[in-house]
Amino acid sequence: KEIAPRVMNALKICVALILALTVCMLPTVSHDVLEVVDPMDQFYVADYANVIDEATEQLIVEKSAKLYEENGAQVVVVTVDFIGESTIEEYARTLFNKWGIGDKDKNNGVLLLMVIGEENYRCVRGSGLEEKLTTSAIKNILDLCLEPDFAKQDYSRGAYLFHNAVCVRLRQIDK
């Protein structure tokens with residue numbers, strides 16, 4: 001008769017510990033899922049910060065659609081005001097993967113993320129472009145085509161020049 005209460009107490013303690021551990025882990029698990037913006041109707045430009053003019057958006061969309069038709073590569077420009085607690089690297093990589101930028105088999109997508117409120121930007125490229133569109137090549141394109149206009153807050157011009165340079169480069173790769 002005395003064993004039953006001990007077993008019940010031990011079971012209660014085990015259940016309480018399991019519940020406590022589960023509750024403690026919930027906040028950690030929820031932070032691992034990074035929320036990013038969704039694509040807009042015009043997949044190649046998602047101007048959530050509203051800093052790219054319509055004419056530039058249309059040019060980027062047209063050039064991107066043509067490039068995709070030619071070789072399956074996609075170049076996408078996304079602007080947001082802020083990204084929250086995550087780093088720009090984490091946010092850009094998550095956005096790139098969630099949207100599935102580039103051809104699935106070739107992994108030849110390029111994302112330009114501009115975080116206007118934080119005065120920062122990041123470029124992510126698919127692993128299929130690592131040898132042909134190197135990190136130094138991307139840095140040069142960012143330094144020459146985006147940075148001067150980004151610093152002057154002419155985001156439309158910087159985005160267009162960056163996008164155009166990357167498209168030209170991706171067309172040369174396939175030749």
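All values reported here derive from a predicted model rather than from experimental measurement. Positions are given from 1 along the sequence.
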_Stepwise side chain to side chain contact (heavy atoms under 4.5 Å, CB included) check, Ile52 with Thr79_ = CA-CA 8 Å; Ile52 300 177; Thr79 70; 3.8 Å; yes

In Å and rounded to the nearest 0.5 Å, what is the [atom1] to [atom2] distance from [X] to [Y]?
X: Ile60; Y: Gln42; atom1: CD1; atom2: CD; answer: 10.0 Å
X: Met40; Y: Asp47; atom1: CE; atom2: CG; answer: 6.5 Å
X: Ile101; Y: Leu111; atom1: CD1; atom2: CG; answer: 4.5 Å
X: Phe96; Y: Asn107; atom1: CZ; atom2: CG; answer: 5.5 Å
X: Tyr44; Y: Gln58; atom1: OH; atom2: CD; answer: 12.5 Å
X: Arg169; Y: Asn164; atom1: CZ; atom2: CG; answer: 13.5 Å

_For Ser64 and His163: C-alpha separation, side-chain torsions, deciding distance, then whether side-chain hydrogen bond (donor to acceptor under 3.5 Å, both in side chains) applies._
CA-CA 9 Å; Ser64 290; His163 183 271; 2.6 Å; yes

*Mind jotting down which residue pairs meet the salt bridge (Lys or Arg N to Asp or Glu O under 4.0 Å) criterion with at least one end in residues 71-91? Sequence neighbours excluded, please.*
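Qualifying pairs: Glu89-Arg122.
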
*Can Leu95 and Trp99 be said to form a side chain to side chain contact (heavy atoms under 4.5 Å, CB included), step by step?*
CA-CA 6 Å; Leu95 184 71; Trp99 288 22; 3.3 Å; yes

*Can you list the steps and then say if Phe162 with Leu144 is a side chain to side chain contact (heavy atoms under 4.5 Å, CB included)?*
CA-CA 8 Å; Phe162 171 84; Leu144 295 172; over 6 Å; no

Side chains of [X] and [Y]: closer than 4.5 Å at any heavy-atom pair?
X: Leu112; Y: Val166; result: no
X: Leu113; Y: Ile88; result: yes
X: Cys123; Y: Leu142; result: yes
X: Val77; Y: Tyr155; result: no
X: Asp149; Y: Leu161; result: yes
X: Tyr121; Y: Val115; result: no
X: Phe150; Y: Ile116; result: yes
X: Leu170; Y: Val75; result: yes

_Axial cation check for Tyr160 ring with Arg157, 6.0 Å and 45° limits_ = no

*asked:* Do Tyr48 and Phe43 land in one hydrophobic cluster if side-chain heavy atoms of ILVMFWY residues count as linked below 4.5 Å?
replied: yes

Of all the heavy-atom pairs spanning [X] and [Y], show the shortest one and how long it is.
X: Lys106; Y: Asp103; value: N-OD1, 2.8 Å
X: Ala92; Y: Val124; value: CB-CG2, 3.5 Å
X: Lys63; Y: Arg171; value: O-NH2, 3.7 Å
X: Arg125; Y: Leu133; value: NE-O, 3.1 Å
X: Met114; Y: Ala159; value: CE-CB, 3.9 Å

*Can you tell me if Ser156 uses its side chain to pair, donor with acceptor, with the backbone of Thr56 under 3.5 Å?*
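Looks like no, no N/O pair under 3.5 Å.
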
*Could you list the residues that satisfy salt bridge (Lys or Arg N to Asp or Glu O under 4.0 Å) with Asp143, not counting sequence neighbours?*
Lys139

*List the steps, then state whether side chain to side chain contact (heavy atoms under 4.5 Å, CB included) holds for Leu34 with Val36.*
CA-CA 6 Å; Leu34 180 60; Val36 296; 4.3 Å; yes

*NZ of Lys98: more than 12 outside heavy atoms within 6.0 angstrom?*
yes

